[in-house]
Asker: 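Structure incoming, see below.
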Amino acid sequence: MNKPAGHILAANGRVYRVCNVPNAVAAIGENFDRMPLSLRVLAENVLRTEIHPEPALRTICSRSKNSDIPFRPARVVLQDLLGTPALVDLAGLRDAVADRGGDPRQVNPVTPTHLVVDHSLNVERWGDEQALADNEKVERERNAERFAFLDWCNKAFNNLSIVPSGNGILHQINLERLTTVIGTREVDGELWAFPDTLVGTDSHTTMINAIGVLGWGVGGIEAEAAMLGKALMMRVPEVVGVRLEGSPPAGYIATDIALALTELLRGIGVIGSVLEFFGPGVSELSLADRGTLSNMAPEFGATAAMFPIDDRTLQYLKLSGRGGEIADLTECYAKQQGLWHTSLESIEYDRVVTLDLGAVRRAVAGPKQPHQRIILGEQNAPRPAPKTLDHGSVVIAAITSCTNTSNPRGVIAAALIARNALRRGLKRAPWVKTSFAPGSRVVADYLERVGLNRDLDAFGFNVVGYGCTTCNGMSGPLLSDALEEQIRTRKLETVAVTSGNRNFEGRVHPLAREVFIMSPPLIVAYAISGSYLIDPEKAALGCDQEGAPVYLHELWPSDAELDQIEQQALSADLFDRAYRDVPREAGLIDPRLRASVSDRYQWESSSTYIRRPPYWSDELSATDPAADLKNMRVLVMLGDNVTTDHISPSGAILAESDAGTYLKKLGIAVADFNSYGTRRGNHLAAQRATFASPRLKNELMEDLREGPWTMLLPDRTITSVFEASEVYASRNQPLVVIAGKEYGSGSSRDWAAKGPRLLGVRVVVAESFERIHRTNLAGLGILPLQLPEGVTRKTLGLTGYEVFSVEGIDDTFAPGATVSLVIDRPDGTRDAIEVTSRLDTHEDVRYFRRGGLLPQLLAESLAQASSKPYVEGAV
């Protein structure tokens with residue numbers, strides 16, 4: 001941490017040093033009052049952490065898009081599916097340093113880092129009081145190798161704390177306990193205060209924006225850089241003001257506002273932007289409501305979605321057991337340093353968009369994207385629910401995900417719907433698998449306090465665990481083998497409904513053809529009806545004991561009842577009890593335990609979960625763009641909205657897949673395959689999962705079949721993507737991926753870049769890229785190229801049988817450069833088109849030249865170990 005000149009802040013009887021951002025901005029002739037909140041935080045960050053901050057400060061204040069700025073987050077947070085591979089990489093980096101004569105102990109997180117195990121819980125058992133214990137037992141048994149590795153990491157690495165499974169979801173723990181909003185650190189005997197900032201290995205890290213903290217999701221590669229103390233280089237983002245007007249309508253749930261915003265913001269386009277909420281409607285939203293909205297920033301397409309620090313912030317800190325010094329420092333710092341909401345009234349945003357909260361209506365989103373909003377009550381005629389399993393039947397109804405289980409109003413409303421339905425004699429439809437996975441133990445405790453847990457249990461919404469479950473594709477089997485067989489035999493188009501934030505194709509369950517996002521109370525309603533084909537605003541959910549139809553509006557609780565129960569249920573002691581074993585500060589490990597652990601991980605050659613990574617091999621780190629980007633064959637050619645789930649699926653491993661075949665050869669039973677996500681610490685399994693989605697639509701396939709298939713060229717032989725890559729590798733054939741708009745939307749998983757890199761992909765050509773995935777490609781040494789506006793694979797007449805080369809990468813190659821994409825067609829003709837390199841920063845260009853961030857980290861680690869300055873190209 002740099003030690004800049006600072007002035008004094010007095011709070012709660014203590015004295016802190018702080019950077020005087022308003023004065024620093026005024027000193028370079030800029031207007032602090034017009035700066036958005038996020039840029040004020042970035043300005044403080046460079047002033048405090050950079051030795052020569054003025055150039056970056058000028059760039060931030062002028063909002064120039066032509067220069068890089070450094071960002072050094074105060075914290076890094078990891079979820080286990082992406083965090084485990086990141087730690088595998090650090091363990092591998094220790095080996096690579098040691099193999100070259102360096103000290104492996106030099107490889108250590110510098111930035112405080114938390115990892116929360118929350119993605120590996122599968123819904124194996126549900127609907128009874130044993131579900132929680134049984135699911136946790138299966139999780140421990142299946143993931144024993146992973147958890148043993150994480151235990152070594154927890155002891156071997158400094159500045160790392162691992163929160164074991166069973167405590168909740170990363171984002172909710174981060175919001176409820178880990179952040180102090182204003183951080184503190186001692187430097188040379190002086191206590192400094194500064195805004196908390198972070199990056200995390202999950203798109204929905206943005207949930208922390210609800211409390212006024214700037215943070216966003218990154219891939220594991222960027223997270224590793226941040227952990228090791230490297231500045232993340234970025235361009236100043238566009239800042240879009242989202243003005244909230246009016247008051248939410250009666251019966252509102254924050255999910256409905258989030259879905260309305262998702263549709264609105266995807267429509268206007270905010271990819272890569274930072275959103276800041278302002279206006280009279282902000283004060284109408286609770287902190288939990290704000291959490292639901294901020295969590296959905298990736299669905300908006302935005303980098304972050306910030307709310308200001310205000311009285312709601314302080315109330316939440318006190319409610320969640322962070323009153324006293326934490327709340328007092330937050331208030332004093334925010335008011336003195338221009339982060340308090342009343343200091344933000346003169347901000348000039350790059351754009352402004354308005355949402356009237358009073359106009360929001362109850363809605364669901366689907367069937368494939370979170371922005372496909374469907375307003376309930378607008379169907380022409382109500383349809384009765386089928387009495388048996390049929391097309392449109394709901395086979396999974398899951399109250400899950402940090403988006404909504406962090407919001408007491410939504411969960412309490414769901415429980416009251418269940419209570420009122422039980423009183424009318426209603427039950428869930430017999431083919432629906434129900435589950436409830438709260439984001440933290442606090443949720444289960446407050447439901448038990450007011451007795452509402454019994455009503456959810458009676459409907460089959462027993463707590464199945466504290467983790468992501470269905471939202472992450474860990475849905476487990478359907479109700480029975482017979483039900484699954486009936487769906488397959490009759491080719492039924494069945495449906496899953498979830499209160500999560502993601503409904504991409506093939507994500508939730510292979511047999512749930514469509515997935516709809518909705519609020520927790522609507523999950524209960526659809527579980528009763530058993531069919532998505534009804535409109536619950538018009539059609540009856542079922543009939544009561546007297547045979548009379550029962551409608552949703554008859555079961556919906558009043559706002560007054562919701563308010564009363566929420567006030568009765570929540571108190572600070574619940575949070576203190578839930579988090580008594582969760583360390584707020586990273587690295588709190590008994591030194592004796594740390595001293596007893598080896599410096600290098602002892603890799604097990606028989607492990608099917610954890611293997612030494614290959615990224616420092618000569619084959620991967622040695623690059624020659626002049627040769628590597630010539631005569632590339634198309635591995636896959638894809639359309640619009642290809643998600644990271646299509647590229648690197650996270651859910652169940654199918655027995656007939658390449659990864660399934662690999663595991664079976666190693667003697668792993670199908671029942672113990674676990675998921676693609678849990679296997680990502682083993683690159684041999686994870687690379688076989690690349691482009692393995694059962695919903696992948698590869699346009700090379702002339703028969704339009706879905707799944708992990710491609711055409712091996714020039715042979716014109718149909719094979720799996722992985723098998724094709726093996727043949728191409730034997731021919732030393734570099735590969736390219738062709739795609740449409742918003743390539744790589746969805747989760748921030750670096751394996752969606754690692755996988756293609758290990759398959760031999762060197763270039764991705766697309767109409768546009770989602771922010772996180774573009775960065776991941778750059779970090780793996782893959783060149784992202786963007787087609788000119790209006791030019792597509794279709795306007796170019798591409799079949800995928802062409803051979804591609806890239807020309808124009810020379811010593812002057814710079815961020816955002818224009819290069820030539822040469823197309824050699826099967827008929828012997830040649831075309832060339834100018835495309836834009838989406839290596840957006842100088843760091844991106846360095847990673848590309850090096851072969852990726854990981855080889856560059858090795859060079860820097862060796863330089864640090866030898867006390868010599870790092871020189872580009874000198875390994």
Side-chain angles (χ1 to χ4, degrees), residues 1 37-46 48-49 69-80 82-83 86-87 109-116 118 159-163 168-185 192-234 237 274-275 290-291 294-295 297-298 302-307 309 313 317 322 326 330 333 339 402 406 582-587 748 750 771-772 775:
M1 177 175 173
L37 172 61
S38 54
L39 299 191
R40 297 181 188 193
V41 174
L42 290 175
E44 190 281 340
N45 192 269
V46 299
R48 179 172 41 84
T49 64
I69 62 167
F71 174 56
R72 298 181 188 272
R75 297 188 292 127
V76 176
V77 294
L78 313 171
Q79 46 95 326
D80 60 308
L82 294 179
L87 294 177
V110 174
T111 305
T113 301
H114 280 92
L115 182 146
V116 177
D118 61 1
N159 289 314
L160 173 70
S161 288
I162 294 179
V163 179
I169 297 171
L170 167 63
H171 316 308
Q172 199 158 341
I173 293 174
N174 195 21
L175 184 69
E176 292 182 350
R177 181 59 31 156
L178 298 183
T179 187
T180 55
V181 184
I182 303 302
T184 59
R185 191 172 302 168
W192 281 76
F194 50 88
D196 184 23
T197 54
L198 66 146
V199 294
T201 57
D202 194 292
S203 308
H204 299 100
T205 299
T206 55
M207 188 168 174
I208 202 67
N209 303 157
I211 203 166
V213 172
L214 182 60
W216 57 80
V218 296
I221 297 298
E222 276 189 289
E224 291 168 40
M227 290 161 66
L228 294 176
K230 285 181 64 66
L232 302 182
M233 303 306 294
M234 57 186 285
V274 170
L275 311 179
R290 298 177 189 186
S294 290
N295 187 290
T303 296
M306 289 193 74
F307 281 88
I309 299 173
T313 312
L317 287 173
R322 288 167 291 178
I326 292 175
T330 296
Y333 186 100
L339 304 185
C402 44
S406 65
V582 174
R584 178 171 285 126
E585 294 183 23
S748 60
D750 55 340
R771 175 190 63 85
I772 297 175
T775 305

Asker: So do Thr180 and Arg584 actually touch side chain to side chain, heavy atoms under 4.5 Å?
Answerer: yes
Asker: To the nearest 0.5 Å, what is the distance between CD1 (Ile173) and NE2 (His114)?
Answerer: 9.5 Å
Asker: With sequence neighbours left out, which residue pairs that include part of residues 170-183 fulfil the salt bridge (charged side-chain N to carboxylate O under 4.0 Å, His left out) condition?
Answerer: Arg177-Asp576
Asker: Are side-chain heavy atoms of Phe71 and Val199 found at a separation under 4.5 Å?
Answerer: yes
Asker: Is there a donor-acceptor contact under 3.5 Å from the side chain of Thr201 to the main chain of Gln79?
Answerer: yes
Asker: Quick check: do Ser203 and Ile772 have side-chain heavy atoms less than 4.5 Å from each other?
Answerer: yes
Asker: Could you pull out every donor-acceptor pair under 3.5 Å between side chains of residues 207-224 and any protein atom, sequence neighbours left out?
Answerer:
residue: Asn209; atom: OD1; partner: Ala305; partner atom: N; Å: 2.8
residue: Asn209; atom: ND2; partner: Val213; partner atom: O; Å: 2.9
residue: Asn209; atom: ND2; partner: Gly215; partner atom: O; Å: 3.0

Asker: What's the separation between atom CD1 in Ile182 and atom CG in Leu339, rounded to the nearest 0.5 Å?
Answerer: 6.0 Å
Asker: Checking side chain to side chain contact (heavy atoms under 4.5 Å, CB included) for the pair Arg290/Leu175: CA distance, chi angles, key distance, verdict?
Answerer: CA-CA 11 Å; Arg290 298 177 189 186; Leu175 184 69; over 6 Å; no
Asker: Just by modelled atom types, is the Asp118 backbone N or O under 3.5 Å from a matching donor or acceptor in the Asp80 side chain?
Answerer: yes
Asker: To the nearest 0.5 Å, what is the distance between OG1 on Thr197 and CZ on Arg72?
Answerer: 11.5 Å
Asker: Which heavy atom of Thr206 sits nearest a heavy atom of Pro298, and at what distance?
Answerer: OG1-CD, 3.6 Å
Asker: Where the side chain of Thr205 meets the backbone of Asp202, is there a donor-acceptor pair that is under 3.5 Å apart?
Answerer: yes
Asker: Can you find a heavy atom in the side chain of Asn174 that is under 4.5 Å from one in the side chain of Arg75?
Answerer: yes
Asker: What residues form a side-chain contact (heavy atoms from CB on, under 4.5 Å) with Pro112, not counting sequence neighbours?
Answerer: Arg185, Ala586
Asker: Quick one: does Ser161's side chain get under 4.5 Å of Glu585's, heavy atoms only?
Answerer: no
Asker: Taking Thr111 for the side chain and Val76 for the main chain, is one N or O donor matched with an acceptor at less than 3.5 Å?
Answerer: no
Asker: To the nearest 0.5 Å, how far apart are CG in Leu78 and CE in Met227?
Answerer: 5.5 Å
Asker: First locate atom CE of Met233, then atom OG1 of Thr775, and finally report the distance between them rounded to the nearest 0.5 Å.
Answerer: 13.0 Å
Asker: Does any part of the side chain of Val116, heavy atoms only, come nearer than 4.5 Å to the side chain of Val77, both counted from C-beta?
Answerer: no
Asker: Could you tell me which non-hydrogen atom of Val41 sits nearest to which non-hydrogen atom of Pro195, and how far apart they are?
Answerer: CG1-CB, 4.2 Å
Asker: Show the nearest heavy-atom pair for residues Ala193 and Tyr333, with the distance to one decimal.
Answerer: O-CE1, 3.6 Å
Asker: Answer whether the closest heavy-atom distance between the side chains of Pro237 and Thr303 falls below 4.5 Å.
Answerer: no
Asker: If I take atom OG1 from residue Thr179 and atom CG from residue Asp196, how far apart are they, to the nearest 0.5 angstrom?
Answerer: 3.5 Å
